[in-house]
Every structure is written in C-alpha cells, then in structure tokens.
Amino acid sequence: ILSYTAKYASAYYGPFRDALDSHPGFGDKKTYQQDPANGREALVEAALDAAEGADMLMVKPGMPYLDVIRRLKDNSDLPIAAYHVSGEYAMIKAACERGWLNEKDV
C-alpha cells in the first residue's frame, strides 16, 4: 500500500490543472492537503499510515520538500517515494529553454 503521507497544498499542481481545466469550482484543495509550513505534520501522518499498514510513504510534490523526505527517512523504516508533479517539470523545462540548465544533464 502506497500512502500519500505528505501531500502539500501547492501551486506546483497548476500546469496539470490548467491542462485538464480541473481547477476547483469553489474554494481550494487546501482543506485536505497539508500546510507546507508544518513539516512535523508529515511525521504524525507517517506514523498513522504505518500503523494502518502502509508499505511505502510518499511526499507530493517531492522536489521542494526534500527536508520532509529526509525527516521521514530518519524516522521510518518504510521506503519513501517522491512524486514529481507538473510544476516541477515545467520549471526544469523553462530553465532548459532559457539555457540555465542542460536538459540532457538533468
């Protein structure tokens, strides 16, 4: 069982939502996504997920929360996955288009 242990409210989901025209019709999705400013919440959720039988823990989006991934690794024996979302991909593509990164090296 792969658990969405830490799914953060983030603008990084924007390109995907734009492509599918899937923005919330009202409000936002922050009501069920974690607060990025509260990194300790992921540890609580990880303990709950493990107690409920999770085989693997996931952080989404991954790149901006490497600190959370490290905290989970330090506090759990379960494998940790990082989900790379559309906004992270878009940033890399934009940097490559501007010559700031070499796409083949990334």
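- In this structure, R71 contributes its side chain and D67 its backbone to no donor-acceptor pair below 3.5 Å.
- By the side-chain hydrogen bond (donor to acceptor under 3.5 Å, both in side chains) test, K93 is found to be paired with E103, residues two or more places apart in sequence or in another chain being considered.
- Minimum interatomic distance between Y65 and V59 (heavy atoms only, all atoms of both residues): CB-CG1, 3.9 Å.
- To the nearest 0.5 Å, atoms CE (M56) and OG1 (T5) are separated by 10.5 Å.
- For the atom pair SG (C96) and CG (L101), the distance works out to 5.0 Å, reported to the nearest 0.5 Å.
- In plain terms, the two heavy atoms of A6 and V68 that are nearest each other are CB-CG1, 4.4 Å.
- Qualifying side-chain hydrogen bond (donor to acceptor under 3.5 Å, both in side chains) partners for S76, counting only residues two or more places apart in sequence or in other chains: none.
- When hydrophobic residues (I, L, V, M, F, W, Y) are linked wherever their side-chain heavy atoms come within less than 4.5 Å, the members clustered with V44 are L48.
- Under the 4.5 Å side-chain criterion, counting only non-hydrogen atoms from C-beta, D55 is not in contact with L78.
- With rounding to the nearest 0.5 Å, the separation of CD in E45 from CZ in R40 is 13.5 Å.
- Smallest separation of non-hydrogen atoms from I69 and G62: CD1-O, 3.9 Å.
- Looking only at side-chain heavy atoms (C-beta outward), M58 and L2 come within less than 4.5 Å of each other.
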### Query
salt bridge (Lys or Arg N to Asp or Glu O under 4.0 Å) between D74 and R70: does it pass, once the steps are laid out?
CA-CA 6 Å; D74 290 345; R70 180 58 193 222; 3.0 Å; yes
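- Following chains of ILVMFWY side-chain contacts shorter than 4.5 Å, one can reach L43 starting from L66, so the two form part of one hydrophobic cluster.
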